[in-house]
Visitor: 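Before we start, here is the structure in question, set down as structure tokens.
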Protein chains: 2
Amino acid sequence: MLVIHEVSKQTGISVRTLRYYEEIGLLFPTAKTEGGHRLYGEEELKTLQQIVFLKTLGFRLKEIQPLLNESWDWAESLDHQLAFVQAEQNKLKQMESAILGLQHALTIEGSLNESLIQKIIKLSTQENGKKQAFRQQIFSETDLKLIQKLPNINRNDPHSLEWISLLGQLRELKESYDAESASVQRIIKRMMEKAAEEYKGNESFLEKMWDIRKSSSQSEQLGLYPLAEDFLHFIDQAFTIYEAKNISKGDPQQ
Amino acid sequence: MLVIHEVSKQTGISVRTLRYYEEIGLLFPTAKTEGGHRLYGEEELKTLQQIVFLKTLGFRLKEIQPLLNESWDWAESLDHQLAFVQAEQNKLKQMESAILGLQHALTIEGSLNESLIQKIIKLSTQENGKKQAFRQQIFSETDLKLIQKLPNINRNDPHSLEWISLLGQLRELKESYDAESASVQRIIKRMMEKAAEEYKGNESFLEKMWDIRKSSSQSEQLGLYPLAEDFLHFIDQAFTIYEAKNISKGDPQQ
DNA sequence: CTTGAAAGTTACGCAACGTCATTTTGTACA
DNA sequence: TGTACAAAATGACGTTGCGTAACTTTCAAG
């Protein structure tokens with residue numbers, strides 16, 4: 001027979017919790033002294049372990065109560081609990097990607113003003129149905145697969161991260177440099193290389209995407225992160241300059 | 001100016017919630033009528049949207065309060081929240097695998113008695129340190145990789161599932177049939193085929209594992225699901241019979 | 001001016017304890 | 001046997017984000 005403090009030390013369960021479990025009828029002490037001190041036996045310790053274990057499965061105390069009872073439909077409880085836990089995981093995944101989205105938007109924009117938050121809210125509350133319809137209307141099946149691999153502000157994969165950081169750097173440079181400056185052109189070069197690598201053999205898809213990118217209304221329908229008009233213009237300008245130089249260098253005969 | 005019911009309809013937020021947000025100082029109505037009825041303007045609707053959005057990121061109301069304030073360290077809040085959300089996901093993943101473990105134990109054993117629960121508790125509360133030490137002591141590096149791919153009661157992959165279901169069927173058959181019966185031998189055959197497929201070229205590893213399996217103390221140290229001694233004996237017997245038949249058939253000259 | 005709908009204000013309930021504050025009990029030692 | 005001190009007991013409030021009564025007051029239409 002152990003006194004409550006001993007049980008607490010052995011199991012790591014707080015004294016308060018043990019008293020609470022008695023209060024809600026989940027675990028009664030084996031006996032009490034005349035003065036009312038609780039005493040716990042071996043059997044109760046086992047039950048306590050079961051309770052703790054079932055809590056690690058995410059069951060609530062009220063659900064644990066019947067489970068302790070011999071002869072209960074464990075199968076159903078477990079199915080139910082599994083479904084619950086998986087649903088919670090999905091919620092958390094959504095939260096995670098939304099947080100990543102905000103963080104990356106912050107990287108791209110440099111600071112977070114109110115209108116940006118409104119933009120993100122709009123993005124995230126957009127119904128999926130509409131996006132789907134728009135996609136299927138504009139793109140071929142092979143294109144649809146490529147869309148899945150586009151860099152996405154809600155993700156954390158290396159490709160997305162690099163695009164995001166490149167955009168962030170461009171936005172910084174735009175403050176002090178022109179589109180033809182060496183710093184800007186270095187970023188553009190990296191972007192071109194990256195695009196060429198990732199979409200080798202799908203150049204037409206790339207062009208189509210860039211056209212959509214430049215139209216903010218179309219971008220919105222696709223659910224792309226909304227870049228400011230002037231920023232897009234800046235990038236387009238820089239691209240044009242880059243290509244002009246590149247053609248004259250790479251193809252000097254013409 | 002919208003009256004509270006209108007706001008509720010437009011946003012989906014309950015009237016109670018709007019009043020609660022005022023109560024905790026999160027969102028005040030733009031104005032009130034003489035009689036005390038709340039009136040909300042455009043600005044407040046936007047703020048409300050922000051609140052709702054931030055809730056979808058998993059922030060608590062008290063954390064949202066400062067975020068609504070212009071000029072706040074969003075970056076830190078987001079980092080913190082992301083870490084929190086990821087930690088929660090890990091907890092849920094652990095719950096999920098523990099639940100799967102119980103479900104599969106149920107499949108193998110047919111019913112869940114008290115001692116089984118105790119076994120599972122023991123399994124799940126085993127410290128990882130000890131397992132690691134035991135593994136490294138017994139197995140080579142290449143073996144250690146193979147161990148990761150062993151069927152595991154806490155997982156849900158097709159291989160684990162088939163092994164579990166085969167064991168469950170064997171346990172059922174054991175009630176009414178002998179080790180040499182055709183039904184039992186069919187299961188054993190499937191097990192042999194499966195093992196041969198999955199561990200082709202690693203037969204020595206397979207044998208080592210089966211030896212460990214047959215010793216309940218060693219199995220325990222490795223963290224394998226504890227099968228009853230007599231059940232293991234039954235399986236071993238069935239294996240022996242299978243192999244005897246197989247050798248005489250497959251190699252008739254000897 | 002009446003009336004019915006909608007708004008308002010308390011206030012309790014939930015989950016699982018943590019954290020005081022205050023009172024008793026148990027036990028070791030003089 | 002008295003005392004003192006640790007440990008136990010009880011009671012009650014706090015936490016989070018509302019849902020849900022119960023009861024009263026305001027508003028707008030007729």
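First the proteins, then the strands, lettered A, B, ... as listed; each starts at 1. Hydrogens, waters and symmetry mates are skipped; everything else that's a heavy atom, side chains included, is used.
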Visitor: Nearest whole angstrom, please: distance from the C1' of dC14(C) to the NZ of Lys62(A).
Guide: 8 Å

Visitor: Among residues 14-22 of chain B, which contact DNA chain D at a heavy-atom distance under 4.0 Å?
Guide: Ser14(B), Arg16(B), Thr17(B), Tyr20(B), Tyr21(B)

Visitor: Should we count NZ of Lys131(B) as having more than 12 external heavy atoms under 6.0 Å?
Guide: yes

Visitor: Between Lys55(A) and dC17(C), does any side-chain N or O lie under 4.0 Å from OP1 or OP2?
Guide: yes

Visitor: Describe, as an angle rounded to 10 degrees, how the axis at the first end of the helix from dC1(C)-dG30(D) to dA30(C)-dT1(D) is tilted relative to the axis at the last end, five pairs per end.
Guide: 30°

Visitor: Please state how far atom CD in Glu23(A) lies from atom P in dC14(C), giving the value in whole angstrom units.
Guide: 12 Å

Visitor: Could you give the CG-to-C1' distance, from Leu27(A) to dA16(C), as a whole number of Å?
Guide: 15 Å

Visitor: Using modelled atom types and a 3.5 Å cut-off, is there a donor and acceptor pairing between side-chain atoms of Gln50(A) and backbone atoms of Leu67(A)?
Guide: no

Visitor: In a table with atom names and distances, give each donor-acceptor pair under 3.5 Å that connects a side chain of residues 54-64 of chain A to protein atoms at least two apart or in another chain.
Guide:
unit_1	atom_1	unit_2	atom_2	d
Thr56(A)	OG1	Phe53(A)	O	2.5
Glu63(A)	OE1	Arg60(A)	N	2.8

Visitor: Whole angstrom is fine here: how far is it from CZ in Arg60(A) over to C1' in dA16(C)?
Guide: 11 Å

Visitor: With a 4.0 Å cut-off, would you call Lys91(B) and Glu88(B) a salt bridge?
Guide: yes

Visitor: Show, in sequence, the C-alpha distance, side-chain angles and deciding distance for Arg19(A) and Glu22(A), and conclude whether the salt bridge (charged side-chain N to carboxylate O under 4.0 Å, His left out) test is met.
Guide: CA-CA 5 Å; Arg19(A) 288 203 270 252; Glu22(A) 183 188 353; over 6 Å; no

Visitor: For DNA chain D, which nucleotides open and close the run of contacts to chain B, 5' to 3', at under 4.0 angstrom from a non-hydrogen atom?
Guide: dT16(D) to dC27(D)

Visitor: Roughly how far apart are His233(A) NE2 and Leu227(A) CG, rounded to 0.5 Å?
Guide: 14.5 Å

Visitor: Tell me which residues in residues 35-44 of chain A put a heavy atom below 4.0 Å from DNA chain C, sorted by number, or none.
Guide: Gly35(A), His37(A)

Visitor: Drop me the distance from His104(A)'s NE2 to Leu167(A)'s CG, to the nearest 0.5 angstrom.
Guide: 12.0 Å

Visitor: Check whether more than 12 heavy atoms from other residues, nucleotides or ligands sit under 6.0 Å from atom CD of Glu23(A), and answer yes or no.
Guide: yes

Visitor: Who pairs with Glu114(A) by salt bridge (charged side-chain N to carboxylate O under 4.0 Å, His left out), at least two apart in sequence or on another chain?
Guide: none

Visitor: Has Gln94(A) got more than 12 heavy atoms of other residues, nucleotides or ligands less than 6.0 Å from its CD?
Guide: no

Visitor: More than 12 non-hydrogen atoms from neighbouring residues, nucleotides or ligands closer than 6.0 Å to NZ on Lys32(B), yes or no?
Guide: yes

Visitor: Is Lys9(A) paired with Glu6(A) through a side-chain N to carboxylate O contact shorter than 4.0 Å?
Guide: yes

Visitor: Nearest whole Å is fine: how far is dA7(C) C1' from Leu2(B) CG?
Guide: 15 Å

Visitor: Would you confirm whether Glu220(B), through its side chain, and Lys122(B), through its main-chain N or O, come within 3.5 Å as a donor-acceptor pair?
Guide: no

Visitor: Nearest heavy atom decides the nucleotide; on that basis, is Glu34(B) or Glu6(A) closer to the 5' end of DNA chain D?
Guide: Glu6(A)

